[in-house]
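Worksheet: the structure to be examined is printed underneath.
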Amino acid sequence: MGFSPSCHGRIDLARPVALIFLRSPQDVDTPTALALGSFDGVHAGHRRVMAAVVEAARQRPQLLPTVLTFWPHPREVLAGERRLRLDLPEEKLSCLEELGIKQLVLVPFNRALAALTPEQFVQQVLLDQLQAGAIAIGENFRFGVKRSGGPEDLVRLAAAAGVTVEVLPMLADHGLRVSSSRIRQALAEADLKEAVRLLQRPYRFQGLVVRGRGLGRGLGWPTANLQVDGRKCLPKEGVYAAWVQRSDGKKLAAVMNLGRQPTIDPQAPSAVEVHLLGVDLQLEGETLTVEPRQWLRGQCTFASLAELSAQIAKDAAAAAEFLASDC
């Protein structure tokens, strides 16, 4: 497709509800009922773990239902792997609030934390700092140096302090485990219907509208060029029908291009651009929420700008037709 190029960069994260550093335990409200895990995507399996601590807090009102997770992902620190997230911390907050969670605790993951034994992790982090009165985990939860601790170890160590641990079995779907990896794979294949089914909610991402080169407007197809956090897991490159939501909640139909611009500038970095259907608004400086709904086609190289413009017209028509029945 090839709208005007933009930089695929990062935007600042908003401060989460509760941000706890190992050196600053006063940042978290205690005592807690703790759900421990990565919880990327907050899918149905994750929600069962969170429901357990919400119920524990209902029975013991002095406990605050809390999610504890790590940032960055442990594999980024220990193995140098780039781990794209289905949910950035500020995106996760609205999901957690709907589930009855009152607090998100981000523990900065570093090599010092990774070196803690299972016993040290439970005592220093869960008991001393977070004052856990109840804990819930998935059956695949690992902790401590070299992932040496498992659910049975957490149950044993917590029991010694009088803290109960509920271990939730993995959730199966069509004979496979419900997992964040399956959702990422669905996005990589542009299977948005499957991604949404597994998430049990819409897949969305946010981007700050930045100034582009104006080439799309010159072709008669003005676009908003979005600067998206580089840690966000985005779907397969291509052209999509999408909904775009402004900060005032207004939802607009759009056609989105995700990827490079092989016709206009093959050397430009990957970009995210949206053309609003039927309206022309000045959006620079706004943060937009984009909800891709249907993959229309892959990236193409066109022989001329005229051919590119004609294809954009077809893409816009296809997006409008799809979104008209997607209300």
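Small disclaimer: the values here were computed from a predicted structure and weren't measured.
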Q) Does L84 offer a backbone N or O that forms a donor-acceptor pair with the side chain of K232 under 3.5 Å? A) no
Q: Test F143 against every option in L36, D153, L116 by the side-chain contact (heavy atoms from CB on, under 4.5 Å) rule and name the one that passes.
A: D153
Q) Less than 4.0 Å between a side-chain N and a carboxylate O, is that true for R182 and E194? A) yes
Q) Do the non-hydrogen side-chain atoms of V290 and L226 ever get within less than 4.5 Å of each other? A) yes
Q.
Has R184 got a side-chain atom pairing as donor or acceptor with P235's backbone, closer than 3.5 angstrom?
A. no
Q.
Please check: side-chain N/O of S325 versus main-chain N/O of F322, any donor-acceptor pairing under 3.5 Å?
A. yes
Q: Sort out for me which residue in V54, L64, V42, T66 forms a side-chain contact (heavy atoms from CB on, under 4.5 Å) with I101.
A: V54
Q. Can a donor-acceptor pair be found between the side chains of T289 and Q245 at a distance below 3.5 Å?
A. no
(Q) Would you compute the distance between atom CD of E307 and atom OG1 of T301 and round it to the nearest 0.5 angstrom? (A) 11.0 Å
Q.
Quick test of your reading of the model: are R201 and D87 salt-bridged, counting only N-O distances below 4.0 Å?
A. yes
Q | Sidechain N-carboxylate O distance under 4.0 Å for K102, E97 | A | no
Q. Is the shortest distance from a Lys or Arg side-chain nitrogen in K236 or E189 to a carboxylate oxygen in the other one below 4.0 Å?
A. no
(Q) Can you give me the closest heavy-atom contact between L208 and G285, atom names plus distance? (A) CD1-O, 3.4 Å
Q. Any idea which heavy atoms bring L187 and C233 closest together, and the distance?
A. CD1-SG, 4.1 Å
Q.
Is the ring pair W295/Y240 parallel, tilted or perpendicular, if the boundaries are 30 and 60 degrees?
A. perpendicular
Q. How far apart are the C-alpha atoms of D40 and R83, what are their side-chain angles, what is the distance that settles it, and do they pass the salt bridge (charged side-chain N to carboxylate O under 4.0 Å, His left out) test?
A. CA-CA 11 Å; D40 192 24; R83 299 284 292 186; over 6 Å; no
Q | Any side-chain donor near an acceptor of the partner, Q59 and E55, under 3.5 Å | A | yes
Q: Heavy atoms only: give me the nearest G150-R142 pair and the separation to one decimal.
A: CA-NH1, 3.5 Å
Q. Quick check: does any side chain N or O of T32 sit under 3.5 Å from a backbone N or O of L130, one acting as donor and the other as acceptor?
A. yes
Q: Test M256 against every option in V239, V244, T223, V272 by the side-chain contact (heavy atoms from CB on, under 4.5 Å) rule and name the one that passes.
A: V272
Q) Between R231 and D229, is the closest basic N to carboxylate O distance under 4.0 Å? A) yes
Q: Check step by step if side chain to side chain contact (heavy atoms under 4.5 Å, CB included) holds for F109 and L78.
A: CA-CA 10 Å; F109 191 88; L78 300 178; 4.0 Å; yes
Q.
Using every non-hydrogen atom in the two residues, find where Q120 and A115 come nearest and quote the distance to one decimal.
A. OE1-O, 4.1 Å
Q | G45 backbone acceptor or donor facing H43 side chain under 3.5 Å | A | yes
Q: Go through the steps to decide whether D326 and R293 satisfy the test salt bridge (charged side-chain N to carboxylate O under 4.0 Å, His left out), and finish with yes or no.
A: CA-CA 8 Å; D326 188 54; R293 294 295 298 163; 2.8 Å; yes
